[in-house]
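Every chain is numbered from 1 and lettered A, B, ... according to where its sequence line falls, protein lines coming before strand lines. No experiment lies behind these values; they were computed from the predicted model shown.
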Number of protein chains: 2
Amino acid sequence: MPHKKTDSAPLPRRARHSDVAKRAGVSPATVSKVMTGRESDRISEETRERVLAVVSELNYVPRSAVREMQTGRTGRIGVLLTHPAAFGNMDPYHLGILSGILSKAFDYRRNTLLYTALEPGADTLRQELLGGGADAVIAVGNVWTPLVEEVVTRANLPVVYVSVLPGEATTPRSVPYFGVDCDNEAGGRLGITHLTDLGHRRIAVIRGRVASNASFVQERIAGAMATADEATANLELVEYKAMEEVIKRVADGAPDAPSAFFFIEGENILGELYDDFLPRYGLSVPRDLSIVTFNSTMMSEYASVPTTSVRQPLQEIGETAVRILAEFLAAGASADHGRRTVVRLPVSLEIRASTAPVNR
Amino acid sequence: MPHKKTDSAPLPRRARHSDVAKRAGVSPATVSKVMTGRESDRISEETRERVLAVVSELNYVPRSAVREMQTGRTGRIGVLLTHPAAFGNMDPYHLGILSGILSKAFDYRRNTLLYTALEPGADTLRQELLGGGADAVIAVGNVWTPLVEEVVTRANLPVVYVSVLPGEATTPRSVPYFGVDCDNEAGGRLGITHLTDLGHRRIAVIRGRVASNASFVQERIAGAMATADEATANLELVEYKAMEEVIKRVADGAPDAPSAFFFIEGENILGELYDDFLPRYGLSVPRDLSIVTFNSTMMSEYASVPTTSVRQPLQEIGETAVRILAEFLAAGASADHGRRTVVRLPVSLEIRASTAPVNR
DNA sequence: CTGTTAGCGCCTTCAC
DNA sequence: GTGAAGGCGCTAACAG
């Protein structure tokens, strides 16, 4: 005889389905219908109440695993943080996105399964996602490991990419995928426009450590360049590593030295910049240099010099990702959303103390 | 005939258990044994490899839901953020804890299910947790709603409370529960000692908006009071709301006015304090007032005046919570941990620019 | 509107 | 070391 009921149960065995049925004097199927509460299953008010009474009396809650097996739906959304250190960083960016995801997920009565592409647990993630632990996935971040690739393509789950949109190269899939990001190009424009309005004509655009081919990096640069052209300003693209040299040129008063820096990613540079690099060369912000960043999280807001920044609506991006997925799933995954719906959310500029009219 | 196999499947039906068995020329049971890889199921190396080959050929991944149903274990840890706005706040406290939880969960090959006690989704949470969606729960935060209460007591899951330890009043449970928190009392001491060392003898201890009976609040106050007594310093307990009056007294140079504030919770006050309250009364930190906070997250670090703060190891607290649970579960929930194991992690003081010798 | 019936896909016990 | 059989708890389809 297989399966012990319980291992010499200390707990008063959980009520199940059939217990309720028996006690309410109905069939198991009826209990099921009451529990799922589907429109098409018409149940007399009387029976309904009787069943419900027993349900609460017995503290009956259907086992989610069984239901999942039956229905093939988990009610969960998997959130995959592709950056291994997404949390180690305590990164306000991820926090913002996650915040939006969480709050919206609950609106849609969905739970949230959190994964990071952190190595130690990669296989757990793989098993769970490929094993059908979630109905859909939101992939956040800009790291594109083979694991992420595999999970996201092979699980055959609807996916929303947040922040980095995959290139066309991505394996063709039999389910649609979506993207949500801010309007990076407009962000690039906004930053430059603000600076040129202040009279800056030599601007350094500084990149962080992110792979240069990430979609958002390219888009921001494109926006910045286009705007600079219109304003006949001079843009200098600087790698993160080369930043100090540029600072040196500014300190030396080189004629071609920029009067403003636009960090199109990586607000977390500010601490080092304000407390280390700049003081070392006797430079002060915004007197000698105007600074603009991207994201406008607390890193810019609370930096030694509160810093002007292009804000992207992180929370709303997260919310949108969930909304897209929830609606898609609700539509029975049938609606023809097209294979590449990308939603762009507007950016705005938050002007703080780090930018001032050029004085050279 | 019930159950359509697939709804006119566009997808090349997922491989299952029996497909692998057939193709590998073994019985389903053998496949199962290979997949679970239990010590006691001895399988010849040869069969093993053959099976595994077919597994990867067919991209077979067992359905997690079915496995759960079978084994009664999900491999998931539920993280319940009891503060409804835990994420809305973008609170670095929660982020730190979560960071620790996530990274450790992966070490133990467990997934993480995230819930907030947010109203709209409360029922989803309830269903899932009571329905067996997780093997254990970590309850983070200080809000004790009936929902939290119910879930945590009725689900009959092992629970770790982070940050707020429930009173004895909590419904008796048939499974143990644990607690992790920092050494709040030592934190209270540390803050006061630092101030008295600087010569402060009149100190206001300021409480935030958290219910006053939260364990950590009481513990911190106890530590603070004990230390103040030893140093014959004068402690004044101030409610958050009454803070402005105290500031006024400081500004007026009242003889009994404190020379230092110790915010035992709520670092997020600092913005308002430094940029609004204090300037309004012409006060400056640390000249007129020394400030100490609790938690030492970026809120203190990046405040207008970098603020001295009692650091609690948030990340490590999260990690510890997971470790406790994982070990408990691994021990077959059998080991006699006692019903109330509480782990205390040490605190430390991070001295910044907001504290200086008293000058009155 | 309610009950009957037949599995979902896997794991586990037990015989071989 | 491997296979055969039964059932986990629930829901879907159909009959009444």
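- Under the side chain to side chain contact (heavy atoms under 4.5 Å, CB included) criterion, B/Ser32 pairs with B/His17, sequence neighbours left out.
- Ion pairing of B/Glu68 with B/Arg76 is present here, as a side-chain N (NZ or NE/NH1/NH2) and a carboxylate O approach within less than 4.0 Å.
- Sequence order on DNA chain D of the closest nucleotides to A/Met35 and B/Asp41 puts B/Asp41 first from the 5' end.
- Dense packing is recorded around CD of A/Glu45, with more than 12 heavy atoms of other residues, nucleotides or ligands lying under 6.0 Å away.
- Counting heavy-atom neighbours within 6.0 Å of B/Arg50 CZ, excluding the residue itself, gives a total above 12.
- Contacts of A/Arg48 with the nucleic acid, taken as non-hydrogen atoms under 4.0 Å apart, are absent.
- Dashed line: the shortest gap from a side-chain N or O of B/Thr71 to OP1 or OP2 of C/dC10 is not under 4.0 Å.
- Here C/dG9 is the nucleotide among C/dG9, D/dT11, D/dC10 with the atom lying nearest to any side-chain atom of A/Met69.
- Nucleic acid contact class of B/Ser44 (heavy atoms, under 4.0 Å, all strands): sugar-phosphate only.
- Taking every side-chain heavy atom of A/Arg42 into account, C/dC1 is the closest of C/dT12, C/dC1, C/dG3.
- Under 4.0 angstrom from either OP1 or OP2 of D/dT2 there lies at least one side-chain N or O belonging to B/Thr47.
- B/Arg16 has no side-chain polar atom (N or O) that falls below the 4.0 Å cut-off from OP1 or OP2 of C/dC8.
- The side chain of B/Thr30 places no N or O atom within less than 4.0 Å of a non-bridging phosphate oxygen (OP1 or OP2) of D/dT2.
- Between the CZ atom of A/Arg50 and the P atom of C/dT2 there is a distance of 8 Å, given to the nearest Å.
- Checking the phosphate oxygens (OP1, OP2) of C/dC10, a side-chain nitrogen or oxygen of B/Tyr60 falls inside 4.0 Å.
- Straight-line distance from the CD atom of A/Glu68 to the P atom of D/dC8: 19 Å, rounded to whole Å.
- Using a 4.0 Å heavy-atom cutoff across all strands shown, B/Arg63 reaches sugar-phosphate atoms only and no base atom.
- Here the P atom of nucleotide C/dG7 and the NE2 atom of B/His17 are 19 Å apart, to the nearest Å.
- Residues A/Thr124 and A/Gln127 have side chains not in contact (no heavy-atom distance under 4.5 Å, counting atoms from C-beta outward).
- Residue A/Val31 is out of contact with every strand shown, counting any heavy-atom pair closer than 4.0 Å.
- Between A/Gln70 atom CD and D/dC8 atom C1' the separation is 12 Å, expressed in whole Å.
- Close to C/dT12, at under 4.0 Å from its OP1 or OP2, lies a side-chain N or O of B/Arg38.
- Counting only heavy atoms from C-beta on, A/Lys33 has its side chain closest to C/dG3 among C/dC10, D/dC10, C/dG3.
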